[in-house]
**Student:** 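Let me begin by handing over the structure; questions about it come next.
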Amino acid sequence: ITVKQTHNYVSAGIIRHNCGKTLSAAAETAMHATGQYPEWWRGKRFQTSVRGWIGSPTTQTTRDAAQMLLMGPPGEFGTGMIPARSIVDYSKATHGVPNSLESVIVKHVSGKNSQLQVKSYDQGRLRWQAATLNFVWFDEEPPMDIFTEGRTRTNVPGNFTYMTFTPLLGMSDVVIRFLKEKP
């Protein structure tokens with residue numbers, strides 16, 4: 001993945017950045033949800049609607065970063081990476097963070113609707129169980145138990161997870177998994 005003027009690149013399966021990592025993942029998430037891929041896209045293409053989860057450390061951080069880039073600012077939904085014409089419906093979260101979303105229904109080019117659910121790590125591992133998903137986007141480093149649950153949700157060939165984070169937690173279990181264990 002590269003983004004003009006931001007110097008992102010993939011090395012050893014990890015996106016490296018100068019800036020723009022969350023923007024890059026929001027663009028990829030929107031492509032999968034809508035099925036609208038640019039000609040140059042060489043990554044995974046879903047031919048039909050998808051189910052995906054987007055998560056960050058808290059509902060507030062999810063709202064302020066991933067949700068904002070995907071949907072646009074509150075009151076201007078449809079100005080982000082998912083265009084207004086593709087947004088079928090959305091539901092607001094009921095757990096007290098103003099303008100945060102729980103789910104978004106997106107029109108896919110196949111004619112079916114994709115489902116995106118918005119999660120946070122502080123909801124705990126139990127809220128990350130019981131679904132089969134096409135993808136999970138972790139925006140910021142998840143705790144290992146959340147990472148493991150997210151990976152389990154995509155445990156079908158062709159499905160995957162992706163993460164966007166700066167390793168501020170140092171050699172955490174998640175970072176070690178990629179740098180030393182090399183699964």
Side-chain angles (χ1 to χ4, degrees), residues 1 3 6-8 10 14-34 50-83 87 89-106 114-131 133-154 160-179:
I1 296 172
V3 177
T6 60
H7 310 289
N8 289 351
V10 176
I14 299 172
I15 295 179
R16 313 300 172 126
H17 81 98
N18 185 2
C19 65
K21 61 191 181 303
T22 302
L23 179 63
S24 298
E28 180 171 352
T29 300
M31 285 188 275
H32 296 319
T34 64
V50 297
R51 289 186 66 206
W53 286 355
I54 297 107
S56 294
T58 68
T59 302
Q60 187 171 355
T61 57
T62 305
R63 178 200 63 194
D64 294 347
Q67 177 187 307
M68 173 81 95
L69 290 171
L70 282 170
M71 297 291 286
E76 299 177 33
F77 289 162
T79 63
M81 290 292 176
I82 300 173
I87 299 170
D89 197 11
Y90 59 86
S91 62
K92 291 189 176 184
T94 58
H95 43 272
V97 176
N99 300 309
S100 62
L101 297 179
E102 179 104 3
S103 65
V104 181
I105 305 298
V106 180
S114 295
Q115 300 173 8
L116 302 177
Q117 284 192 291
V118 182
K119 301 248 178 213
S120 65
Y121 310 155
D122 63 0
Q123 292 175 306
R125 185 185 63 78
L126 295 177
R127 293 286 305 266
W128 286 76
Q129 293 181 327
L133 304 169
N134 299 104
F135 65 85
V136 174
W137 168 23
F138 297 104
D139 185 41
E140 300 305 338
E141 183 177 356
M144 183 55 92
D145 63 337
I146 301 289
F147 174 75
T148 301
E149 282 296 339
R151 292 280 300 150
T152 302
R153 303 303 112 226
T154 60
F160 54 89
T161 62
Y162 43 106
M163 295 188 288
T164 49
F165 71 96
T166 302
L168 298 175
L169 302 175
M171 291 300 278
S172 67
D173 291 341
V174 172
V175 170
I176 288 170
R177 178 173 169 76
F178 288 92
L179 296 180

**Student:** Should we say atom OH of Tyr90 is surrounded by more than 12 heavy atoms from elsewhere, each under 6.0 Å from it?
**Tutor:** no

**Student:** Measure up the Phe160 and His32 rings against each other and bin them: parallel (under 30°), tilted (30 to 60°), perpendicular (over 60°).
**Tutor:** perpendicular

**Student:** If the condition is side-chain hydrogen bond (donor to acceptor under 3.5 Å, both in side chains), which residues does Thr22 pass it with, not counting sequence neighbours?
**Tutor:** Asp139

**Student:** Do Ile146 and Gln123 have side chains that get closer than 4.5 Å, going by heavy atoms?
**Tutor:** no

**Student:** State, with a plain yes or no, whether a side-chain heavy atom of Trp128 is found less than 4.5 Å away from one of Thr152.
**Tutor:** no

**Student:** Which atoms form the tightest heavy-atom contact between Ile82 and Ala30, and what is the distance?
**Tutor:** CG1-CB, 3.8 Å

**Student:** Restricting to side-chain hydrogen bond (donor to acceptor under 3.5 Å, both in side chains), what partner residues turn up for Thr79, sequence neighbours left out?
**Tutor:** none

**Student:** How long is the span from the CZ atom in Phe77 to the CG atom in Leu101, to the nearest 0.5 Å?
**Tutor:** 4.0 Å

**Student:** Leu133 and Gly52: which non-hydrogen atoms are nearest, and at how many Å?
**Tutor:** CD2-N, 4.4 Å

**Student:** Supply the atom-to-atom distance Glu102 CD to Lys119 NZ, rounded to the nearest 0.5 angstrom.
**Tutor:** 7.0 Å

**Student:** Between CE of Met144 and CZ of Arg125, what distance do you get to the nearest 0.5 Å?
**Tutor:** 13.5 Å

**Student:** Just jot down the salt bridge (Lys or Arg N to Asp or Glu O under 4.0 Å) partners of Arg51, sequence neighbours excluded, or say none.
**Tutor:** none

**Student:** Hey, could you give me the OH/OG1 distance between Tyr121 and Thr62, rounded to the nearest 0.5 Å?
**Tutor:** 7.5 Å

**Student:** What's the spacing between Ile87 CD1 and Leu70 CG if we round to 0.5 Å?
**Tutor:** 9.5 Å

**Student:** Quick one: pull up CD in Glu141 and CE in Met163 and give me the separation to the nearest 0.5 Å.
**Tutor:** 7.5 Å

**Student:** Walk me through whether Met81 and Leu23 qualify under side-chain contact (heavy atoms from CB on, under 4.5 Å).
**Tutor:** CA-CA 9 Å; Met81 290 292 176; Leu23 179 63; 3.1 Å; yes

**Student:** Would you say that Trp137 contacts Glu28 through its side chain, given a criterion of any heavy-atom pair below 4.5 Å between the two side chains?
**Tutor:** no

**Student:** Does the side chain of Arg153 reach to within under 4.5 Å of the side chain of Thr161, using non-hydrogen atoms?
**Tutor:** no

**Student:** Please report the closest heavy-atom contact between Ala66 and Ile54, naming both atoms and the distance.
**Tutor:** CB-CG2, 3.6 Å

**Student:** Quick one: does Asn99's side chain get under 4.5 Å of Arg63's, heavy atoms only?
**Tutor:** yes

**Student:** Tell me the closest heavy-atom pair linking Pro57 and Glu140, and the distance in Å.
**Tutor:** CD-CB, 3.6 Å

**Student:** Identify the heavy atoms of Thr61 and Ser56 that sit nearest to each other, and give their distance.
**Tutor:** OG1-CB, 3.4 Å

